[in-house]
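Basis for what follows: all heavy atoms, side chains included, without hydrogens, waters or symmetry-related copies.
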Amino acid sequence: MSILEVKKMGMRFGGLAAVDDLNLTIKEGEIRGIIGPNGAGKTTLFNVISGVFKPTSGQILYRNDQSIGGLPSSKIARMGIIRTFQRTAIYEDFSVLKNVVVACQLHGKESVMDIFTGAGKKIEQENTEKALEIIEFMGLSHLENEPAVDLPHGHQRTLGVAIALACKPKVLLLDEPLTGMTPTEKAHMIELIRKVHNQGITILMVEHDMRSVMKLCDYISVLDFGTLLVEGTPDEIQNDENVINAYLGTEDIITGHKSS
């Protein structure tokens, strides 16, 4: 069963088509890799799905054919489509715990009446308890009181995913979750992504580290100049002539070595 469908979606900036007539079907419960060279339209796709941009053509359908193309980002997030960013979005001066508590609050339903009746205190306690659970799940309990700005890069990226989990995602869009990480940090993040996926969360992942993509993803969609080049399993993608040809003269998509 599909959870997200992109149908003939286009996104133009003036005369430039960043995404052109794109079709994707994401199955519920899968980890889908979205790969391609710089300028292929990967981040634009995420921006449209998450409501940053309104598509100039086509549709984006979510569960039961709900059309979400052009809806505000906040409404799309409340529906369960949550997105992380290439640059980790954290409150640097807040502790790890406070960052996740704030995310719980932003996704909560506390009203002005709750504040006046005292119900807000109960909600605040529930948010703190939920945040502590998420922090433990992500392996950050020993850092809960540390200012986010003092965390190593890998832990900041982990905190970014923890913040996303606080928003109760059904579909999680991970935008380059492994960027800038050491091999050890990458291995740790891969295991965390698997843990998140095992909670029943569908994952779309844009990532340039092809070895990690091949390990993690059930299915991979390759974009090139805003269009869908090819789709397939990791094994199929690694051996596809179209993929190999599209990356000749750049960094090899599979091995990470420069092509001659």
Could you measure the distance from the [atom1] atom of [X] to the [atom2] atom of [Y]? Nearest 0.5 Å is fine.
{"X": "L97", "Y": "I135", "atom1": "CG", "atom2": "CD1", "answer": "4.5 Å"}
{"X": "C104", "Y": "N99", "atom1": "SG", "atom2": "CG", "answer": "11.0 Å"}
{"X": "L172", "Y": "I193", "atom1": "CG", "atom2": "CD1", "answer": "8.5 Å"}
{"X": "T84", "Y": "F46", "atom1": "OG1", "atom2": "CZ", "answer": "7.5 Å"}
{"X": "E30", "Y": "Y219", "atom1": "CD", "atom2": "OH", "answer": "8.5 Å"}
{"X": "D224", "Y": "N242", "atom1": "CG", "atom2": "CG", "answer": "9.5 Å"}

Determine whether a donor-acceptor pair (N or O, by modelled atom type, separation under 3.5 Å) exists between the side chain of [X] and the backbone of [Y].
{"X": "D20", "Y": "G10", "answer": "no"}
{"X": "Q105", "Y": "E124", "answer": "no"}
{"X": "D65", "Y": "L61", "answer": "no"}
{"X": "D240", "Y": "E236", "answer": "no"}
{"X": "H188", "Y": "H155", "answer": "no"}
{"X": "E146", "Y": "L151", "answer": "no"}
{"X": "Q199", "Y": "I201", "answer": "no"}
{"X": "T56", "Y": "R12", "answer": "yes"}
{"X": "Y62", "Y": "M79", "answer": "yes"}

Closest heavy-atom pair and its distance - [X], [Y]:
{"X": "G29", "Y": "H197", "answer": "O-NE2, 2.5 Å"}
{"X": "V101", "Y": "T128", "answer": "CG2-CA, 4.0 Å"}
{"X": "P169", "Y": "I82", "answer": "CB-CG1, 3.6 Å"}
{"X": "P55", "Y": "G70", "answer": "CD-N, 3.7 Å"}
{"X": "A162", "Y": "M138", "answer": "CB-CG, 3.9 Å"}
{"X": "R194", "Y": "E191", "answer": "NH1-OE2, 2.7 Å"}

Should [X] and [Y] count as side-chain neighbours, where that means a heavy-atom distance under 4.5 Å?
{"X": "K170", "Y": "T202", "answer": "no"}
{"X": "R32", "Y": "L24", "answer": "yes"}
{"X": "K8", "Y": "Q59", "answer": "no"}
{"X": "N23", "Y": "K7", "answer": "yes"}
{"X": "I203", "Y": "L174", "answer": "yes"}
{"X": "V161", "Y": "L192", "answer": "no"}
{"X": "R83", "Y": "I76", "answer": "no"}

Dump the intermediate steps for side chain to side chain contact (heavy atoms under 4.5 Å, CB included) on E207 and I35, then the final yes or no. CA-CA 6 Å; E207 181 53 57; I35 66 173; 5.8 Å; no
Go through M210 and V213 one step at a time and tell me if the side chain to side chain contact (heavy atoms under 4.5 Å, CB included) criterion holds.
CA-CA 5 Å; M210 290 302 103; V213 169; 3.9 Å; yes
Is it true that [X] and [Y] fall in one hydrophobic cluster, defined by side-chain heavy atoms closer than 4.5 Å?
{"X": "F225", "Y": "L223", "value": "no"}
{"X": "V52", "Y": "V6", "value": "yes"}
{"X": "M9", "Y": "F13", "value": "yes"}
{"X": "I237", "Y": "I190", "value": "yes"}

Does the ring of F137 carry K195 above it, NZ/CZ under 6.0 angstrom from centre and within 45° of its axis?
->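 K195 over F137 ring: yes.
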Heavy-atom count check: over 12 atoms from other residues, nucleotides or ligands less than 6.0 Å from [X] [atom1]?
{"X": "D93", "atom1": "CG", "result": "no"}
{"X": "K130", "atom1": "NZ", "result": "no"}
{"X": "E136", "atom1": "CD", "result": "no"}

Point to revise | Residues V100, L159; criterion side chain to side chain contact (heavy atoms under 4.5 Å, CB included); working and verdict | key: CA-CA 8 Å; V100 183; L159 177 57; 3.8 Å; yes
Exercise. Step by step, work out the side chain to side chain contact (heavy atoms under 4.5 Å, CB included) result for I60 and E5.
Key: CA-CA 6 Å; I60 302 171; E5 287 188 75; over 6 Å; no
Which of these passes side chain to side chain contact (heavy atoms under 4.5 Å, CB included) with M205: I220, D175, I34, L216?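 Of all the options given, the one that passes is L216.
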**Asked** Do the charged groups of E176 and K42 touch, with an N to O distance under 4.0 Å?
**Response**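 Salt bridge: no.
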